[in-house]
Amino acid sequence: MTEGTSRPRVRFAPSPTGYLHIGGVRTALFNWLYAKKSGGAFILRIEDTDQERSTPENERIILDSMRWLGLDWAEGPDVGGPHGPYRQMERLGIYQEFVEKLIKSKAAYRCYCTKEDLDAQREALKKQDPKAQFRYPGTCRDRTDHPDLPFVIRFRAPSSGVVTYRDKVFGEVTTPLNTLQDAVLVRKDGIPLYNLGAVVDDITMGITLVARGRDHMINTPPQILLYEALGAKVPEFAHLPMMLNQKGEKLSKRDGAVSVTEYRDMGIPPAGLLNYLVRFGWSYGDQEIFSLPDLTQKFDWERCGKGDGKFDTKKLAAVVFEHLKQKDLMSDEAYITGVRPFIEARGLRVDDDKLVRALPLYRERGQTWVEAADLMDYLFRDTPVFDEKASKKFLVPAKAPILEDVAGWFAAAPDFTPAKLEEGFTAFIAERSLEMKDVAQPVRVALTGRSASPGLFDVAALLGRDAVVERLKRAAKTAEASAT
RNA sequence: GGUCCCAUCGUCUAGCGGUUAGGACAUCGGCCUCUCACGCCGGUAACGCGGGUUCGAUUCCCGCUGGGAUCGCCA
C-alpha cells in the first residue's frame with residue numbers, strides 16, 4: 001500500500017445485536033466530525049457476524065437512529081459505495097481470500113481443537129487457580145495433517161517483542177507480545193471473528209483512521225499484527241475515553257436510558273444530545289454550547305481528553321435546554337417541527353398560528369419537547385385539563401364572584417394584546433381594591449388548568465377573547481359548586 | 001491475577017513551570033415577580049499521596065494508592 005495523498009476515510013461499525021447505544025453515538029459522532037472537518041469520508045459498516053444476536057430489525061433501528069441524529073454517511077449498507085458490500089455477512093468471500101493468504105504465509109493455521117474441550121480446560125484451570133490466565137496451548141500449531149474434522153483458523157502470535165503505535169489521543173502505547181495467544185480468526189462455520197473482519201474490512205475499505213472506544217484498545221496490538229501479516233498499511237488509531245455510569249462503571253441497560261431511541265422519544269433534540277456527547281472527552285476552552293456546523297470547524301483529536309467520565313443526565317438536560325432556548329441554535333421552524341409530533345401524540349390537533357405565537361413563551365419553559373407539549377396542552381383543547389390540587393386550592397366559592405367579574409371585564413376589554421390587557425386589568429383590579437396576587441392564581445387555573453404558566457396576559461392574548469371568557473365563566477361555576 | 005489505560009470542585013472540564021487554579025452543570029443565598037420558568041447578582045466547592053528535577057511545580061520524571069478496560073469459536 002502506498003502512502004496515500006487521498007482524503008481521510010473513517011468508519012463507524014456497529015453490530016446489529018441491539019439498539020444504537022449512547023456510547024456508540026459518541027464514537028460515531030467523533031468519527032463523523034473528523035470526516036467533515038477534514039473533508040474525508042464517513043462510512044457506515046454493519047458488523048453482523050454474530051449470527052446468534054444480529055437481526056435485520058436491529059440494523060434498521062440503528063440506521064434510523066443515525067438518520068435521526070443527522071450523522072450521514074457517504075458509504076453504507078443502504079447507499080452502497082465503491083468498497084461494498086457494507087454488511088460483513090455479505091463479505092464472506094473477501095475474508096476467505098485473506099485467510100488463504102495468511103495460511104499460505106503460515107501466519108495462521110487450522111486448529112482442530114473443539115470449543116468444548118478448550119472450555120473444559122479453561123474451567124479446570126480456573127478451578128485450580130482462579131487468578132490464572134488460560135492460554136491456548138498451541139496443540140495444532142504445527143500440525144500438518146488435514147483430518148476431516150471441523151476446524152477454526154488461528155493466528156500464529158509471536159511470543160516475544162513489542163508492538164508500539166501512536167494513538168491520536170493517548171499518545172504512544174507499547175504492549176509486550178509475550179502475553180498474546182493464538183486467537184481464533186475464523187469460527188468453525190467459516191464466519192470470521194471481530195478482529196479479522198474489522199481488519200480486512202478496514203484494509204479493503206481504505207480506512208485511514210480507526211476511532212473507537214477505549215474498550216477496544218486491548219484489540220489494537222493483535223490487529224496491528226494482522227495488518228502486518230497481510231502486508232497492509234496500518235491505519236492511525238484514536239481511542240476515546242469511556243462513558244461510565246454514576247457509580248463509575250461501564251454504562252449498561254440498567255443505568256437508565258442508553259438507547260438513542262429513548263432520547264428521541266423523550267423529546268430531546270438530536271443537536272442537543274450530540275452537543276452533550278461531544279463535550280464528553282473533548283473541549284474547546286470554556287465553550288460549552290456548540291452547533292453542529294460549529295463543531296465541524298473546531299473538532300480535533302488534540303483537544304480530546306484521556307480520562308473516563310461519568311454520564312450526567314442533569315448536565316445533558318442543561319445542554320439540551322440551551323438548544324431548545326437559543327434561536328441561533330434552533331430556528332422557530334425547527335422547534336415547531338420538533339414539538340408538533342409530541343403535541344399530536346396527545347391526541348390534539350395543532351393550530352399552527354397559535355403554536356407560532358406560543359413559541360416565545362414556551363421555548364424557555366420546556367426542558368424537552370415532551371415537556372413543552374405537556375405545558376402547551378391547554379392551548380389546543382376546548383377545556384383545559386385541570387390539575388386537581390390547583391383547582392381545589394384556587395377554584396373555591398369565595399373566588400367565584402371574582403371570576404365572574406373578571407370574565408365580564410375580559411368580554412369588554414377593548415384591546416386583546418398582552419400590554420393593553422395588563423394595563424386595563426391593573427386599573428380594573430385597583431378599582432375593586434383587589435391585588436394582583438389575589439386574582440392571578442384563580443384566573444390562571446381557570447385559563448390553563450394549572451397553577452403555573454407564562455404571564456396571565458400573554459396566556460389570555462394567546463387564547464383569545466372567546467376562549468378566555470368561556471373558561472372564566474365555566475371556572476366560576478366550578479368554583480361555586482365546589483362548596484358542596 | 002496478567003496486560004493496557006487513566007487521575008483538577010459532587011459532575012463535565014480549562015490549564016500545556018510562575019494564575020487570587022478559570023468555566024459549565026448541580027447545590028446554597030439573593031434580585032426580578034400575578035405563578036412557573038427565563039434572566040441577573042453572589043456563595044460553598046478541586047489539583048489523591050510520597051519522592052525527585054527546578055529558583056519555582058497542578059503542570060516534567062519515578063513510585064505508591066485509587067479507578068477503569070480487557071483476558072470468548074461476542075463486538
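Labels below follow one simple rule: chain letters A, B, ... track the order of the sequence lines, proteins then strands, and each chain is numbered from 1.
Atoms NZ and CG, from A/Lys115 and A/Leu118 in turn, are 8.5 Å apart once rounded to the nearest 0.5 Å. Atom CG of A/Asp167 sits about 9.0 Å away from atom NZ of A/Lys306, to the nearest 0.5 Å.
Within residues 398-406 of chain A, no residue has any heavy atom closer than 4.0 Å to RNA chain B. Proximity of residues 268-282 of chain A to RNA chain B (heavy atom under 4.0 angstrom from any strand atom) is restricted to A/Arg279, A/Phe280, A/Gly281.
Within the nucleic acid shown, A/Thr49 comes within 4.0 Å of sugar-phosphate atoms alone, with no base atom in reach, counting heavy atoms only. Within the 4.0 angstrom heavy-atom criterion, base atoms lie near A/Ser451. A/Phe321 comes within 4.0 angstrom of sugar-phosphate atoms only, judged by non-hydrogen atoms across all strands, and of no base. Backbone-only contact: A/Lys306 has heavy atoms under 4.0 Å from sugar-phosphate atoms and none from a base. Residue contacts for A/Cys304: at a heavy-atom cut-off of 4.0 Å it reaches no nucleic acid atom on any strand shown.
Open room surrounds CG on A/Asp148; 12 or fewer heavy atoms of other groups in view lie less than 6.0 Å from it.
Side chain of A/Arg187, nearest nucleotide from B/A26, B/A75, B/C34: B/A75. For A/Asp312, whose side chain is taken as the heavy atoms from C-beta onward, the closest listed nucleotide among B/U11, B/C34, B/U13 is B/U11. In the set B/C5, B/C34, B/C25, B/C34 carries the atom at the smallest distance from any side-chain atom of A/Ala440. Counting only heavy atoms from C-beta on, A/Thr175 has its side chain closest to B/U3 among B/C34, B/C74, B/U3. Between B/C38, B/C12, B/C73, one nucleotide has an atom nearer to the side chain of A/Glu288 than all others, and that is B/C12. Comparing atom distances between the A/Leu456 side chain and each of B/C34, B/C5, B/C73 picks out B/C34 as nearest. Candidate nucleotides B/C74, B/A26, B/A37 were compared by shortest atom distance to the side chain of A/Arg365, and B/A37 ranks first.
Contacts of A/Ser259 classified as side chain to side chain donor-acceptor pair (under 3.5 Å), with partners at least two apart in sequence or in another chain: A/Thr261. With sequence neighbours excluded, no residue forms a ring-ring contact (aromatic ring centres under 6.0 Å, His included) with A/Phe134.
Both tests hold for A/Arg26 against A/Phe30: distance to the six-membered ring centre under 6.0 Å, angle to the ring axis within 45°.
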Please list each protein N or O that sits under 3.5 Å from an N or O in nucleotides 66-72 of chain B, with the distance.
{"unit_1": "B/G68", "atom_1": "O2'", "unit_2": "A/Arg214", "atom_2": "NH2", "d": "3.2"}
{"unit_1": "B/G68", "atom_1": "O2'", "unit_2": "A/Asp308", "atom_2": "OD2", "d": "3.3"}
{"unit_1": "B/G68", "atom_1": "N2", "unit_2": "A/Arg214", "atom_2": "NH2", "d": "3.4"}
{"unit_1": "B/G68", "atom_1": "N3", "unit_2": "A/Arg214", "atom_2": "NH2", "d": "3.0"}
{"unit_1": "B/A69", "atom_1": "OP1", "unit_2": "A/Lys250", "atom_2": "N", "d": "3.4"}
{"unit_1": "B/A69", "atom_1": "O4'", "unit_2": "A/Arg214", "atom_2": "NH2", "d": "2.7"}
{"unit_1": "B/U70", "atom_1": "OP1", "unit_2": "A/Lys250", "atom_2": "NZ", "d": "2.6"}
{"unit_1": "B/C71", "atom_1": "O2'", "unit_2": "A/Gln133", "atom_2": "OE1", "d": "3.0"}
{"unit_1": "B/G72", "atom_1": "OP2", "unit_2": "A/Arg122", "atom_2": "NH1", "d": "3.2"}

Write down the protein N/O and nucleotide N/O pairs, taken from nucleotides 39-48 of chain B, whose separation is under 3.5 Å; answer none if there are no such pairs.
{"unit_1": "B/G39", "atom_1": "OP1", "unit_2": "A/Lys325", "atom_2": "NZ", "d": "3.1"}

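There is a side-chain donor-acceptor pair under 3.5 Å between A/Arg444 and A/Gln441.
Ring centroid separation for the pair A/Trp73 and A/Tyr86 does not come in under the 6.0 Å cut-off. Proximity of the aromatic rings of A/Tyr276 and A/Phe311 is defined here by a centroid distance below 6.0 angstrom, and this criterion is met. Two rings, from A/Phe425 and A/Phe428, have their centers less than 6.0 Å apart.
The pairing partner recorded for B/U70 is B/G2, the criterion being a Watson-Crick or G-U wobble arrangement whose two distances lie under 3.5 angstrom. As the counterpart of B/C60, B/G52 is assigned, both hydrogen-bonding distances of the Watson-Crick or G-U wobble pattern falling under 3.5 Å. Across all strands shown, B/C40 forms a Watson-Crick or G-U wobble pair with B/G30, both key distances being under 3.5 Å.
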